[in-house]
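Written out below as structure tokens is the structure these notes cover.
Keep in mind that the numbers below use all heavy atoms, side chains included, and drop hydrogens, waters and symmetry copies. Just so it is clear: chains get the letters A, B, ... in the order the sequence lines come, proteins before strands, and each one is counted from 1.
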Amino acid sequence: MALKYSQIVLPKGELCLSNVLQTGQAFRWVLNESENRYATTMKIGDGNNYFVVVLRQPEDHILEFASLNETCGMDMIKDHLMKYFRLDIPLQELHYSDWRKRDARFENITPHGMRMLGQEPWETLISFICSSNNNISRITKMCSSLCVHYGNKVGTMDSLDFYSFPTSDELVKKASETHLRELGFGYRAKFIIETAKKMVQDKVNAGFESDTAFLEDLNSKLTYEQMREHLMSYQGIGPKVADCVCLMGLRMDQVVPVDVHVGRIAKRDYKFQSKKEYLKNLAEKYKELPITRKKINLELDAIRLMFLELWGPCAGWAQGILFTNEVGKTNGATSTGEIKKRKLIKLEDTEPKQASVRENSKTKMVEVKATSS
DNA sequence: ACTCATCCTTGATT
DNA sequence: AAATCAAGGATGA
């Protein structure tokens with residue numbers, strides 16, 4: 001059947017699908033290379049229903065979407081995508097009018113349509129448990145594996161089946177540590193089971209049936225520090241993973257997850273060095289939060305705060321820009337399940353208000369390497 | 001309170 | 001060819 005696409009027209013430079021969907025922020029988008037479109041399943045609307053969503057970007061400023069599922073209205077998908085891609089946040093304006101004034105390093109780089117996503121929080125949480133000490137291609141396989149084995153089939157496209165992301169109840173019911181280990185999850189198998197069990201408990205105690213509703217409700221009531229404290233009460237979630245959930249799953253734009261790359265950037269480019277006195281004061285702040293106090297690495301937390309102060313209310317977004325510039329190459333799943341390395345797409349960025357034309361390398365997506373035998 | 005080895009697996013590098 | 005290491009960390013000793 002033919003897909004019926006609708007359009008969302010954006011300002012130029014606001015979004016680059018490839019850079020957003022294939023840089024280790026979301027792990028479940030499947031790229032069809034010949035059609036140049038992405039597909040996945042998304043939980044859309046108030047219910048807990050998943051739908052197959054297809055995206056393509058025929059031009060820099062146009063986002064086209066379609067769905068396999070007739071029951072999902074196009075206006076509903078559009079609303080969902082507006083929230084998912086955080087299209088209320090003006091990336092170009094932030095870059096040119098805010099970050100460049102705060103940080104000279106942003107003079108030499110452009111956002112390349114790299115945005116932070118507002119993903120489903122439970123899925124984000126489990127995905128980033130899988131991310132610990134791991135690489136993107138394997139994380140992608142693991143997320144796919146969770147859906148195939150414990151989710152529900154939602155549709156088929158390009159002879160590929162699409163499944164929902166399993167709820168905590170489905171994981172508790174169908175999964176086991178042994179089975180997850182057989183599927184290649186390694187030591188994270190236990191974390192996923194234990195986290196799913198605790199999530200079922202927590203949401204029932206709070207009177208919720210849906211993981212999404214429970215986490216969103218908590219998010220609306222708690223401060224960042226309290227929310228992070230709660231997230232770190234699950235096994236396998238430390239400060240970095242919790243911050244990823246806060247930023248990419250709970251829309252906390254100011255949160256800067258500090259991983260090895262961001263840590264390296266802080267020391268190399270920003271001459272960060274921790275002062276003993278500062279760390280001591282920082283430790284005081286967490287005495288009310290026992291789990292945070294136990295799991296936190298004060299030096300990494302100090303780096304997070306340095307970047308928050310430097311970059312401001314959307315510090316997490318600024319981090320995303322620097323991160324993709326630092327790491328550069330990305331991986332993505334193709335329709336055949338293959339993982340291929342790609343280069344970051346260079347988007348033509350246009351400074352709003354004053355149109356400064358610069359000669360731009362509008363590079364196409366390039367394969368870095370073909371797999372050798 | 002703090003440091004550090006260890007944890008699963010895969011793919012690239014040596 | 002076989003060994004080693006790193007990959008967007010977290011845990012427990």
For C/dG8 and B/dC4, measure between their P atoms and round to the nearest Å.
23 Å
Would A/Lys198 pass as a cation-pi partner of A/Tyr234, given that its NZ or CZ must be under 6.0 Å from the six-membered ring centre and within 45 degrees of the axis?
yes
Remember a base hit wins even if backbone is also touched, and classify A/Phe191 as base, sugar-phosphate or nothing at under 4.0 Å, heavy atoms.
sugar-phosphate
Watson-Crick/G-U partner (both atom distances under 3.5 Å) of C/dA6:
B/dT10
Starting the side chain at C-beta, find the nucleotide from B/dC8, C/dT11, C/dG8 nearest to A/Arg188.
B/dC8
OP1 or OP2 of B/dG11 versus the side-chain N and O atoms of A/Lys141: is any pair under 4.0 Å?
yes
Looking only at atom C1', what distance separates B/dA5 and C/dC5, rounded to whole Å?
16 Å
Would you kindly check whether a donor in the side chain of A/Lys240 faces an acceptor in the base of C/dG9, or vice versa, at under 3.5 angstrom?
no
Here's a test of your reading of the structure: between A/Asn133 and A/Val241, which maps to the more 5' nucleotide of DNA chain C?
A/Asn133
Does a donor on one side chain and an acceptor on the other come within less than 3.5 Å for A/Thr167 and A/Asp211?
no
Between A/Pro239 and A/Arg264, which is nearer to the 5' end of DNA chain C once each is assigned its nearest nucleotide?
A/Arg264
Mind checking the P distance from B/dA1 to C/dG9? Whole angstroms is fine.
25 Å
Specify whether A/His95 and A/Trp99 have parallel, tilted or perpendicular ring planes, treating 30° as the upper limit for parallel and 60° as the lower limit for perpendicular.
perpendicular
Winner on side-chain proximity to A/His261, out of C/dG9, C/dG8, C/dA10, is C/dG8
Run the side chain to side chain contact (heavy atoms under 4.5 Å, CB included) check on A/Ile291 and A/Lys295 step by step: do they pass?
CA-CA 6 Å; A/Ile291 300 168; A/Lys295 293 193 180 187; 4.1 Å; yes
Taking only the P atom of each, what is the distance from C/dT4 to B/dC7 in whole angstrom?
16 Å
Could you check whether the side chain of A/Arg138 and the base of B/dT9 have a donor-acceptor pair of N or O atoms closer than 3.5 Å, going by distance alone?
yes
Rounding to the closest angstrom, what is the interatomic distance between B/dC8 and C/dA13 at atom P?
14 Å
